[in-house]
Amino acid sequence: MNNFIEELRWRGMLQDMTAGIEEHLNKGKATAYLGFDPTADSLHIGHLVGVMTLLHFQRAGHQPVALIGGATGMIGDPSFKSAERNLLDEETLDRNIAGIQKQLEKFLDFGSDKPNQALLVNNYDWMAGFSFLEFIRDVGKYITVNYMMAKDSVKRRLEEGNGLSFTEFTYQLIQGYDFYHLWKHQNCSIQLGGSDQWGNIVTGTELIRKKEGGEAYALTVPLITKADGSKFGKTEGGSVWLDPEKTSPYAFYQFWLNVSDADAAKYIRIFTTLDREAIEALEKEHAEGPHLRLLQKAIAKDVTIRIHSEADYEMALKASGILFGKSSLEDLASLDERTFLQVFDGVPVMPVERSSYLNAENVVELLCTDQTIFASKGEARKLIQGGGLSINKIKITDPHAKPEIPLLQETYLLVQKGKKNYFIITITG
RNA sequence: GGGGGAAUACCAAAGCGGCCAACUGGGACGGACUGUAAAUCCGUUGACUUAUGUCUUCACAGGUUCGAAUCCUGUUUCCCCCA
């Protein structure tokens, strides 16, 4: 059994913890929980820090509990949000919970043969039947309004003058009660969470102490930041999801590969399970040849395989080589149709009839068959004149030239607008 | 309520009768370089068109003029000062 706290500490995943937690953990197997909001049917990589925290907890021999906030998700945490959330209906919640559970199984061992098997609980199960009267009598009684108002999350909302609804105000009590419930019924003595959850977590420890004189602990992990100050986990396309339907394994792999040097050393500790020696060796190598981006590749590989699969990783690697390597028409043509379509999965497609392809006066006309690739012919012409357009990896320089480019698989043209924007023209008919 | 000023393309900001599709900066997008990076440099940034031409733009609606983003009238909105 390795030391959970030590592990988090060297990985830079320790933000704050309550006194006595180390001693408590040293006594033997403990149980900790961490909550996920079921706001979507998939987790995104922002959730990954929490998931990894639970993973380390289990690897340290302890029992992790993933709590899905079926009840709290109906309310919305006021922490660091400026406006109240829309309430989710039950049907959506059920779907979201199922999706999230499936993803958690890739990290945590839910096998019942383990003494420290992971558990998945849904606070809706114990909150749904809780009557208002019972709640204010059994829970509300122990926590003063003064205490609740002193929380940063609440204080901020009051100061901003927008106010917050009673429902939101109650959030910390519900979360506090979750902790109490798990403490009471699952012997769960620790709540883990992002640093923004600190206030909510200690409301729980407070409740446990006041209600039953019990001991409970809190531990938070830092919010992930980027060196350039922009928000972590976002691309132009939005969040990076774990669900391959929302973010393709290729895009997922690319996200990690594009992490900046400044962030890579931090992220490899947080998002992979590589041990300290391996990471330090990689860092050393990376420092000698930063352009090889060994750290980024290591993170991308580890995370992609875990979330998706070895095969998805291979595919992403292959796709990246074709898209960004010094690949040629031959490389493209060497792909069989199935692989080609997988590599370019998610790329916008513009269907063109074979007759209009054959009759096209020039490249621009072909490219502007509809608005998929360019909004106007002028735009297409300008880009071509600026040297920014390739078809099947061949740079087009003359907007008036006839589109005499061999089709891939007799059917496809791969259009490259700039370096990173790909489109496929499918010749039909 | 009285007085003054302003409204320009994604944003900021010039232009104040023809040389204005509109200076410049930022952003965005492309190119070169590179590590699918940062920094730097270069180009594009209303639409159409075989470029050197046409069409629609400078709050809105009218007007003056051969000709207006630029002058006049009205409308709307915003800002400042005095009450």
Side-chain angles (χ1 to χ4, degrees), chain A residues 45 225-238 240 247-268 282-301 303-304 312-328 331-332 343-348 359-403 414-423:
Chain A
I45 58 175
T225 54
K226 274 171 68 174
D228 66 6
S230 58
K231 200 163 156 53
F232 170 77
K234 298 279 182 197
T235 63
E236 313 97 81
V240 179
T247 300
S248 75
Y250 163 73
F252 186 85
Y253 173 83
Q254 280 288 321
F255 171 83
W256 295 104
L257 195 65
N258 279 315
V259 164
S260 73
D261 289 357
D263 293 320
K266 192 167 69 185
Y267 294 172
I268 197 168
L282 269 170
E283 280 182 304
K284 212 167 163 186
E285 262 191 274
H286 184 269
E288 282 163 20
H291 63 283
L292 297 174
R293 287 186 291 161
L294 286 171
L295 281 176
Q296 286 91 335
K297 283 178 184 165
I299 302 173
K301 178 179 178 183
V303 185
T304 307
D312 285 323
Y313 162 70
E314 299 289 346
M315 183 59 68
L317 198 61
K318 188 164 182 179
S320 300
I322 288 167
L323 267 51
F324 297 106
K326 33 185 187 309
S327 60
S328 62
D331 294 323
L332 267 181
V343 166
F344 294 102
D345 183 40
V347 162
N359 296 329
E361 285 292 318
N362 56 49
V363 202
V364 171
E365 194 178 307
L366 176 70
L367 290 170
C368 295
T369 302
D370 67 26
Q371 313 259 290
T372 308
I373 306 179
F374 290 105
S376 72
K377 289 188 184 175
E379 192 187 325
R381 211 172 285 119
K382 277 166 195 156
L383 193 80
I384 290 173
Q385 279 160 356
L389 191 112
S390 299
I391 296 180
N392 288 350
K393 288 280 169 191
I394 299 164
K395 186 168 278 192
I396 306 297
T397 48
D398 180 7
H400 312 305
K402 284 208 149 211
L414 178 70
V415 178
Q416 203 175 344
K417 187 176 155 189
K419 263 180 198 154
K420 295 190 187 178
N421 305 304
Y422 288 87
F423 300 87

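Within every chain, numbering begins at 1; the chains are lettered A, B, ... in the order of the sequence lines, protein sequences first and strands thereafter.
Distances shown here put every side-chain N or O of A/S376 at or beyond 4.0 Å from the OP1 or OP2 atom of B/G46.
Rounded to whole Å, the distance from CG on A/L292 to P on B/A37 is 15 Å. The separation between A/K377 atom NZ and B/A51 atom P is 13 Å, rounded to whole Å. The CZ-P distance, from A/R293 to B/U34, rounds to 15 Å in whole Å. Atom-to-atom, CG of A/L257 to P of B/U36 comes out at 9 Å; the value is rounded to the nearest Å. Going from atom CG of A/N258 over to atom C1' of B/U34 covers 14 Å, rounded to whole Å. Atoms CG (A/D398) and C1' (B/U50) sit 12 Å apart, rounded to a whole Å. One atom, OH of A/Y422, and another, P of B/G30, lie 12 Å apart when rounded to the nearest Å. If you measure from atom CG of A/L295 to atom P of B/G35, you get 17 Å, rounded to the nearest angstrom.
A gap of 13 Å separates the P atoms of B/A6 and B/U70, to the nearest Å. B/A28 sits 16 Å from B/G46 when the C1' atoms are compared, rounded to a whole Å. Taking the C1' atoms as reference points, B/C19 lies 15 Å from B/U52, given to the whole Å. Taking the C1' atoms as reference points, B/C10 lies 15 Å from B/U57, given to the whole Å. Comparing B/A21 with B/A68, their P atoms are spaced 12 Å from each other, to the whole Å. If you take atom P in B/C11 and the same atom in B/A59, they sit 13 Å apart, rounded to whole Å. The P atoms of B/C55 and B/A22 are separated by 15 Å, rounded to the nearest whole Å. Across the C1' atoms, B/G53 and B/C42 are found 28 Å apart, a figure rounded to whole Å.
With distances taken from any side-chain atom of A/K382 to the nucleotides B/A37, B/C29, B/U44, the minimum falls on B/U44. Nearest nucleotide to the side chain of A/R381, out of B/U49, B/U45, B/U36: B/U49. For A/S320, taking side-chain heavy atoms from C-beta onward, the closest of the listed nucleotides B/A47, B/C29, B/U36 is B/U36. Picking from B/U50, B/A32, B/A47 the nucleotide with the shortest atom distance to the side chain of A/K395 gives B/A32.
No hydrogens or angles were tested; on distance alone, a donor-acceptor pair under 3.5 Å links the side chain of A/K419 to the base of B/U34. With hydrogens and angles ignored, a donor-acceptor pair under 3.5 angstrom links the side chain of A/Q254 to the base of B/U36.
Across all strands shown, A/Q296 has heavy atoms under 4.0 Å from base atoms, whether or not it also approaches the sugar-phosphate.
Within 6.0 Å of atom NZ in A/K318, 12 or fewer heavy atoms from other residues, nucleotides or ligands are found, so the atom counts as exposed in its surroundings.
The nucleotide B/C41 finds its pairing partner in B/G31, both defining distances of the Watson-Crick or G-U wobble pair being shorter than 3.5 Å. Of the nucleotides present, B/G18 is the one that pairs with B/C66 by Watson-Crick or G-U wobble criteria, both distances under 3.5 Å. Pairing partner, B/U50: none, since no Watson-Crick or wobble contact has both distances short of 3.5 Å. Pair assignment for B/G1 gives B/C82, based on Watson-Crick or G-U wobble hydrogen-bonding distances that are each under 3.5 Å. In this structure, B/C58 forms no base pair with any nucleotide, since neither Watson-Crick nor G-U wobble geometry is met with both distances under 3.5 Å. Across all strands shown, B/C23 has no partner, as no Watson-Crick or G-U wobble contact with both distances under 3.5 Å is found.
Expressed to the nearest 0.5 Å, how far CG of A/L332 lies from CD1 of A/I394 amounts to 9.0 Å. Here the CG-NE2 distance, from A/D261 to A/H291, works out to 11.5 Å after rounding to the nearest 0.5 Å. Atom CG of A/L367 and atom CZ of A/R381 lie 11.0 Å apart (nearest 0.5 Å). A/K420 NZ to A/F324 CZ: the interatomic distance, rounded to the nearest 0.5 Å, is 6.0 Å.
Residues A/Q254 and A/T304 have side chains not in contact (no heavy-atom distance under 4.5 Å, counting atoms from C-beta outward). Here the side chains of A/Y250 and A/S320 are in contact, with some heavy-atom distance below 4.5 Å.
At a non-hydrogen distance threshold of 4.0 Å, nothing from residues 362-371 of chain A comes into contact with RNA chain B.
When the nearest nucleotides of RNA chain B are assigned to A/D261 and A/Q385 by heavy-atom distance, the more 5′-ward of the two goes with A/D261. Mapping A/G378 and A/H286 onto RNA chain B via the closest heavy atom, the residue that lands nearer the 5' end is A/H286.
Put simply, the side chain of A/K266 gets close to the backbone of A/T225: a donor and an acceptor are under 3.5 Å apart.
Taking the ring centre of A/F374 as origin, the terminal cationic atom of A/K417 falls inside the region bounded by 6.0 Å and 45° from the ring axis.
Note: A/F344 and A/Y422 have tilted aromatic rings, judged against thresholds of 30 and 60 degrees for the angle between ring planes.
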